[in-house]
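Structure, as structure tokens:
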Amino acid sequence: GTGFLHTTEPEQELTGSWGHGPRSTLVRAKTMAPPPPPLAASTPLLHGEFGSYPARGPRFALTLTSQALHIQRLRPKPEARPRGGLVPLAEVSGCCTLRSRSPSDSAAYFCIYTYPRGRRGSRRRTTRTFRTDGAATYEENRAEAQRWATALTCLLRGLPLPGDGEITPDLLPRPPRLLLLVNPFGGRGLAWQWCKNYVLPMISEAGLSFNLIQTERQNHARELVQGLSLSEWDGIVTVSGDGLLHEVLNGLLDRPDWEEAVKMPVGILPCGSGNALAGAVNQRGGFEPALGLELLLNCSLLLCRGGGHPLDLLSVTLASGSRCFSFLSVAWGFVSDVDIQSERFRALGSARFTLGTVLGLATLHTYRGRLSYLPATVEPASPTPAHSLPRAKSELTLTPDPAPPMAHSPLHRSVSDLPLPLPQPALASPGSPEPLPILSLNGGGPELAGDWGGAGDVPLSPDPLLSSPPGSPKAGLHSPVAEGAPVIPPSSGLPTPTPDAQVAASTCGLPDHLLPPLGTPLPPDWVTLEGDFVLLLAISPSHLGADLVAAPHARFDDGLVHLCWVRSGISRAALLRLFLAMERGSQFSLGCPQLGYAAARAFRLEPLTPRGVLTVDGEQVEYGPLQAQMHPGLGTLLTGPPGCPGREP
């Protein structure tokens, strides 16, 4: 149940968009040379004529640009209105080269894996296979097919193409190595099925190497990453909800080498009931808002592209003095009540929050408390005062405007020696006797024979010349943890999750230089509000849920904690309107007088009500005063390339 990873030569200097690289390169985020200027979207990079598979099909002219593959039918006759003639790279997971199993066939084959949106908006996997037959010998045709596969892979991964036109597989780095952590209980128990049926095939099509571990209990992931040899990995990806990533980040920060460990790129593939960070990644990638399987496929496509982005982390100190790190939110009042009370409806998946919200509205509580914060010196993205919101001397309430999309170059690049990965072994599902088909970048032979071959067609097989050269080290099982660690353990006998378990404390030595000790007076440049609140939310990214945009202008690396609160006196109907408007991120334009907002660098919350619920990243923590400071760009998030918001590829 694990991917096979490849033995490589010693790491070279990083030049790609994927990966973590050697320890000495962890600080390259600030020192990396700027990338070459982007090519115009319409500039042709490659152009050529191809046949079909099977061979008696039509012929095509293919043109590759930096944004899309253009397909035009030449024979039997050009189409007046070509269907499927434009394949945006945002819909491509990967590609491969194939050869016929017939010795007399001198053609090579170039196959791309795509996930276009259908008429009903859902994505469906499609393979397009083209016959490279312009030369007399197989070797020449194979070189041309490899040229196209290499160019497309470079574009997908953000690797530069040479200006002299010499495009060979030597340009490609070794396959990025990912550690996948799957919570088998996530998303009503669908996480493992979705991982097996969608995630593993897609990342294999992209040529990513992986090992997969199922978590068995709360804080299992935290313990695993504390013992990892991080130099062996290019990223850690959680296949679950937000809670598993919280464990991973805190585990990295608990290590003695936390300053380097926290730069390990982390990714999230949403298979839980709460998928807030994935919603923000999806929006940054330029996709329309999505839920469930659609959100998973979108985020998987972005992960296949690679590319790290700085991620702000919030250091939260609790009343007992223990500390944890948050990538998402600190909540008190209505939001945390719904989050924890809805745990008993976890079998409903994301619908548990809807039901919890309805029940929470029926029993609306208010909480007396004191909120103090250090205002941000630079206000976020042109905020403008809300005309209908009152201003108090101690309270500046802003209506944030959505920020324009920011284009950021990838931070972490990697180079190694293997041009294309070796075929991976069949993966077997726990509790399921039938193995999965072979998954590999250039291993689509059996599948293509089934998808495309009619009676009498010679099936295609992986190009054997793309494997390791003679004498090279063999691919071996890449062991991520100490001996005996369960790699895809049987699903039977796993303990049931304990949702009421406390968040473990962090031992990280990172100082919170903006925070005086909890319980001591605050500096004079802090702002303090006291009163009765329905809810208070301190959020880092834009999304509170996959379809809830709490801070529409927020970015992963803006260095700000976005404080949102609702004071008492709001009606149930008005509160419901706020949450409905949050689906579009338009709640600040409603003119609700009880809604407040401030951008801060640090804050302190002192509940004055004896009972209540506090959550950090959706997990319940001890109740009492807490304070927090934002640490800009402390982590690295695998986001894929930025898209054009509002324009679906």
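Note that these values count all heavy atoms, side chains included, but never hydrogens, waters or copies made by symmetry. Bear in mind that the values here come from a model prediction, so they are computed numbers and not experimental data.
In this structure the side chain of Phe327 never reaches within 4.5 angstrom of the side chain of Val266, judged on heavy atoms. Side-chain contact between Val199 and Val237 is absent, with no heavy atoms from C-beta onward closer than 4.5 Å. Between His246 and Leu328 the shortest side-chain heavy-atom distance does not fall below 4.5 Å.
Across all non-hydrogen atoms, the minimal contact from Gly308 to Thr636 is CA-CG2, 4.0 Å. Scanning all heavy atoms of the two residues, the minimum distance from Val561 to Ala538 falls at CG2-CB, 3.8 Å. Heavy-atom minimum distance, Glu619 versus Gly243: OE2-CA, 4.1 Å. Minimum interatomic distance between Ser568 and Thr366 (heavy atoms only, all atoms of both residues): CB-CG2, 3.7 Å. Nearest heavy-atom pair, Leu544 versus Ala550, reported as atom, atom and distance to 0.1 Å: CB-CB, 4.0 Å. For the residue pair Asn282 and Ala290, the shortest heavy atom distance occurs at ND2-N, 4.0 Å.
For the pairing with Pro607, the side-chain contact (heavy atoms from CB on, under 4.5 Å) check across Phe533, Trp332, Tyr367 returns one residue only, Trp332. With respect to Leu638, the side-chain contact (heavy atoms from CB on, under 4.5 Å) criterion is satisfied by exactly one of Pro176, Pro265, Cys299: Pro265.
Side-chain contact check for Ser322 and Ser320: at least one donor-acceptor pair (N or O, by modelled atom type) lies under 3.5 Å. A donor atom on one side chain and an acceptor atom on the other are found under 3.5 Å apart for Asp512 and His631. Gln214 and His220 form no side-chain donor-acceptor contact under 3.5 Å, judged by distance and modelled atom types alone.
Between His309 and Phe556, the ring planes lie perpendicular to each other; the angle is over 60°, past the 30° to 60° tilted range.
The distance between the ring centers of Phe588 and His553 does not fall below 6.0 angstrom.
When the side-chain hydrogen bond (donor to acceptor under 3.5 Å, both in side chains) test is applied to Gln627, the partners found at least two apart in sequence or on another chain are Arg604.
Atom-to-atom distance recorded for Leu181:CG and Cys195:SG is 10.5 Å, nearest 0.5 angstrom.
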